[in-house]
Amino acid sequence: MLKVENVSVKYGPFIAVDDASLEVGAGETVGLAGTNGAGKSTLFAAIAGQLPAATGSIRFQGKEIMGQPSYTRAGLGLSRTFQVPREFGKLTVLENLLVAASDPRDENMLTSWFRRGRMHATTQRRTEQADTVLESLGILHVRDLLASQLSGGQKKLLELARVLMQKPSIILLDEPFAGVNPVRIGEMMEIFRTLAAKQGIALLIVEHHLQALQSLCSRLYVMDQGRIIAHGDPSTVLNSKTVQDAYMGGVI
Ligand SMILES: Nc1ncnc2c1ncn2[C@@H]1O[C@H](COP(=O)(O)OP(=O)(O)OP(=O)(O)O)[C@@H](O)[C@H]1O
Ligand SMILES: [Mg+2]
């Protein structure tokens, strides 16, 4: 479903991602681990289209998507969450979801604002979709709160909810458990399992919480200094000498 080949990403002369290759199959849950500054978020940005890759190829469902803007990739079904959630604090949770919905039939949202009849129908359809998404994540009760009033964990779920409004077939999750109360991490893991099992959504998860990755993922990649240094079965990879050496002295 997603095939990344020999991708490099530079910040000026600095090579943050160096010749990285990885793939994720349909409905598969795959992990991406690595020390701080390894290049994980930068690789996500290249895959999702926030940053250009200097080299390589990124294919999604068989099509080359390099060079396409992030909204086109999201429209195709490839979306990401950010390490630091990007909610609109002054909007309610529901409003955050309404602005996130991207339905090809609402090609130009502004057009519908000016056609009141259509706007009403569109808003109603999106509101129903938003309620379903919020309910599936167990946060329907915060629907009418301002996003700024949410807890750290709820903001992470709102971030996920906004992505789900785009009906993705793969989601790149950047540190979904960071800043989340440990008790809530188990609940989030259940949500990810359900998304994969019931909706067939593929997940690529960047995380420092290695136990969670081991439990959720069928395969794991490890990055260090811009390069993918290991990949395979999670416990084999984490116990390998290469990975142990890379983590030695680093922050896991
Ligand atoms: N906008 C930027 N300009 C220049 N260098 C950057 C920029 N963003 C990141 N870097 C550098 O690129 C490298 C990779 O950063 P990146 O954020 O991708 O790492 P990461 O693996 O996501 O780390 P973490 O686990 O801390 O989130 C780091 O050395 C970082 O300092
Ligand atoms: Mg990061």
Side-chain angles (χ1 to χ4, degrees), residues 2 4-24 29-58 65-66 69-70 73-74 78-87 152-153 155-160 162-163 168 170-180 182 185 188-189 192 202-217 219-232 234 237-238 240 242-252:
L2 174 69
V4 174
E5 286 180 299
N6 309 108
V7 163
S8 299
V9 188
K10 294 179 178 177
Y11 294 110
F14 176 69
I15 301 173
V17 174
D18 188 2
D19 204 30
S21 299
L22 61 80
E23 50 184 285
V24 182
T29 300
V30 175
L32 177 58
T35 48
N36 288 118
K40 305 178 298 294
S41 296
T42 304
L43 179 56
F44 265 22
I47 298 172
Q50 285 87 31
L51 280 178
T55 63
S57 135
I58 302 171
I65 56 167
M66 278 267 265
S70 58
R73 300 186 202 198
L78 187 160
S79 293
R80 72 169 293 191
T81 66
F82 289 88
Q83 198 164 334
V84 178
R86 297 188 169 189
E87 75 283 346
K155 283 183 183 168
K156 288 283 190 183
L157 289 173
L158 171 57
E159 176 93 357
L160 178 59
R162 293 178 63 196
V163 162
I170 183 167
I171 308 176
L172 315 184
L173 295 159
D174 198 347
E175 301 200 21
F177 306 132
V180 176
I185 291 180
M188 288 183 75
M189 287 172 67
F192 296 155
L203 302 173
L204 178 59
I205 310 177
V206 160
E207 248 308 320
H208 289 288
H209 191 321
L210 299 180
Q211 258 179 313
L213 280 188
Q214 242 176 316
S215 147
L216 286 169
C217 302
R219 290 186 302 114
L220 179 66
Y221 291 85
V222 179
M223 275 185 96
D224 186 44
Q225 296 179 35
R227 302 188 71 94
I228 304 263
I229 56 162
H231 122 260
V237 165
L238 291 173
S240 72
T242 320
V243 171
Q244 298 266 330
D245 286 352
Y247 271 119
M248 210 156 62
V251 183
I252 306 186

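Numbering of ligands and ligand atoms starts at 1, following listing order.
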Which heavy atom of V17 sits nearest a heavy atom of G39, and at what distance?
CG2-O, 3.5 Å
Write down the atom of L238, the atom of Q244, and the distance for their closest heavy-atom approach.
O-NE2, 2.9 Å
Reported NZ-to-CE distance for the pair K40 and M223, which is rounded to 0.5 angstrom:
8.0 Å
To the closest 0.5 Å, what do you measure between OG (S41) and CD (E175)?
6.0 Å
Measure the OG1-CG distance between T42 and D18 for me, rounded to the nearest 0.5 Å.
12.5 Å
Would you name the heavy atoms of V222 and G34 that are closest together and state the gap between them?
CG1-CA, 4.4 Å
What distance do L43 atom CG and L204 atom CG have between them, rounded to the nearest 0.5 Å?
7.5 Å
What's the shortest heavy-atom distance between V4 and A20, and which atoms?
CG1-O, 3.7 Å
Are there more than 12 heavy atoms of other residues, nucleotides or ligands under 6.0 Å from atom CD of Q211?
no
Output the set of protein residues with a heavy-atom contact under 4.0 Å to ligand 1, ordered first by chain identifier and then by residue number.
Y11, F14, A16, T35, N36, G37, A38, G39, K40, S41, T42, Q83, E175, H208
Sub-2.8 Å protein N, O or S atoms surrounding the Mg ion (ligand 2)
S41 OG, Q83 OE1
